[in-house]
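By convention in this document, chain letters (A, B, ...) are assigned in the order of the sequence lines, proteins followed by strands, and residues within each chain are numbered from 1.
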2 protein chains.
Amino acid sequence: MDFVILGMLLERPMSGYELKKTVDVTIGLFYKASYGSLYPALKRLENRGWIGVNESDNQKNKKTAYIQPEGKAAFLDWLQIPTQLSRKEQMLRFFFFDYLDQPTRQKRLTERADTLRKEIKQLERVEADLADKFHNREQATNHNYRIHVLHYGLQYLTVELNWIQQIREDEP
Amino acid sequence: MDFVILGMLLERPMSGYELKKTVDVTIGLFYKASYGSLYPALKRLENRGWIGVNESDNQKNKKTAYIQPEGKAAFLDWLQIPTQLSRKEQMLRFFFFDYLDQPTRQKRLTERADTLRKEIKQLERVEADLADKFHNREQATNHNYRIHVLHYGLQYLTVELNWIQQIREDEP
DNA sequence: TATGGCATGTAAGGTGTTACATGATTCC
DNA sequence: GGAATCATGTAACACCTTACATGCCATA
């Protein structure tokens, strides 16, 4: 959580509420931020001196968090360490799928395929949006890797979809 | 963790130690079980009545866990609910990769590619092993989905590898 | 008899989830 | 004025990680 927040704050200062929304629309497909983890994380980061927090003048009930140099340094450190495995719960479930009766299995596979198709469509919309913005020169900074991740996401979802299709064909 | 244990115990009764080894060699690529999570989980499952535990007669220091009908029922319930997203930490990192300086980035990408190649080789070995066992009719039960997951794993890793290769070519 | 693998477990610390509680602001 | 949305946060609970502690057993 901490590094997600730091990464988002590198772009611009934001409130906790804005952070959640931003996370949801940008990396929501593979990261979910709940307030119960977000606000404690903000406090943590502030105590560590990695971020600072400004109370807003006009809106009493609003605080804006901004990143500190120490926070940026910590973020860049994290960014460059190699990742170890992340849990792939979907794969875990499929691993045990032989234990499921065939009709339920079929049903779940179909549902999963539907979900994947929706997610693919969603990503394609995001991609189109991005291309639009690019043509209108609306973006100040270059974020090539966000586009790379988008492409990866599409390929990744497509592979899973094809994989399920294949299984469904072979199954009955 | 709980459902991993239950799934493994469906095959045969095992000790905690055996469970860890089995998890490592079967789903180790996407799931890591530490004793600190495994043993408490076993206790949890026993308290819930989902598994039973036998103290061994000959080896004092050994306990064997076996699955109970309630445990099997709970496992099958879990198996058929649709999964929500799992965190993809690697993707998270890549999402922010624009903030990394080019040389470090290049280095990390190369390292990741190497890791992927190793993982692919490892999976291919597992696949060959499985094919061997199949020909020698060593397997009692059919585990088609484990083979499916294996194939998926290979495709998945290959997609990421190609993706990185593409980026590395475009980058400098 | 000592090394390595078998075997079980706990404690501290951290972090996440869900549900709840509450108040401000905007717009119809 | 009321609904939606903006906005911040806490409490209980669950679970995981890492590090540590301990003992058995085979075999070289």
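If you take CG of Leu42(B) and C1' of dC16(D), they are 15 Å apart, rounded to a whole angstrom. Asn47(A) places its CG atom 15 Å from the C1' atom of dG9(D), with the value rounded to the nearest Å. One can place CG of Leu45(B) at 13 Å from C1' of dC15(D), the figure rounded to the nearest angstrom. Atom CZ of Phe3(A) and atom P of dG16(C) are 11 Å apart (whole Å). Regarding Ile5(B), its CD1 atom lies at a distance of 14 Å from the C1' atom of dT8(C), rounded to whole Å. We find that NZ of Lys62(B) is positioned 4 Å from P of dA7(C), with the value rounded to whole Å. In this structure, CG of Asn54(B) is placed 16 Å from C1' of dA7(C), rounded to the nearest angstrom. The nearest whole Å value for the distance from the CD atom in Glu55(B) to the P atom in dC24(D) is 15 Å.
Two residues, Tyr35(A) and Asp2(A), neighbour DNA chain C, and the one matched to the more 5' nucleotide by heavy-atom proximity is Asp2(A).
Listed by residue number, Ser15(A), Gly16(A), Tyr17(A), Lys21(A) are the residues of residues 15-23 of chain A with a heavy-atom contact under 4.0 Å to DNA chain D.
Closest to the side chain of Tyr39(A), from the set dT18(D), dG16(C), dT8(D), is dT8(D). You'll find that the side chain of Lys43(B) is closest to dG9(C), out of dG9(C), dT8(D), dT17(D). Listed nucleotides dT10(C), dT8(D), dC16(D) differ in distance to Tyr31(B); the shortest reach to its side chain belongs to dC16(D).
In terms of phosphate contacts, Ser37(B) brings no side-chain nitrogen or oxygen within less than 4.0 Å of OP1 or OP2 of dC15(D). Between Arg44(A) and the phosphate of dG14(C), there is no side-chain N or O to OP1/OP2 separation shorter than 4.0 Å. Proximity of Lys63(A) to the phosphate of dG9(D): a side-chain N or O atom is located under 4.0 Å from OP1 or OP2. One finds no side-chain N or O of Arg48(A) lying less than 4.0 angstrom from the OP1 or OP2 phosphate oxygen of dG14(C). Proximity of Ser34(B) to the phosphate of dC16(D): no side-chain N or O atom is located under 4.0 Å from OP1 or OP2.
Here the shortest heavy-atom pairing between Leu42(B) and Gly16(B) reads CD1-CA, 3.9 Å.
For Arg168(A) and Trp163(A), the positive end is not near the middle of the six-membered ring at less than 6.0 Å and at most 45° from its axis.
By the 30° and 60° cut-offs, the orientation of the rings of Phe3(B) relative to Trp50(B) is tilted.
Between Glu18(B) and Lys21(B) no salt bridge is recorded (no basic side-chain N to carboxylate O distance below 4.0 Å). Salt-bridge check for Arg48(A) with Asp2(A): passed, with a basic side-chain N closer than 4.0 Å to an acidic carboxylate O.
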Working for ring-ring contact (aromatic ring centres under 6.0 Å, His included), residues Phe96(A) and Phe75(B) | CA-CA 10 Å; Phe96(A) 291 120; Phe75(B) 176 79; 5.3 Å; yes
Could you list the donor-acceptor pairs under 3.5 angstrom formed by side chains in residues 146-155 of chain A, with sequence neighbours left out?
residue, atom, partner, partner atom, Å
Arg146(A), NH1, Glu11(A), OE1, 3.3
Arg146(A), NH2, Glu11(A), OE1, 3.3
His151(A), ND1, Glu127(A), OE2, 3.0

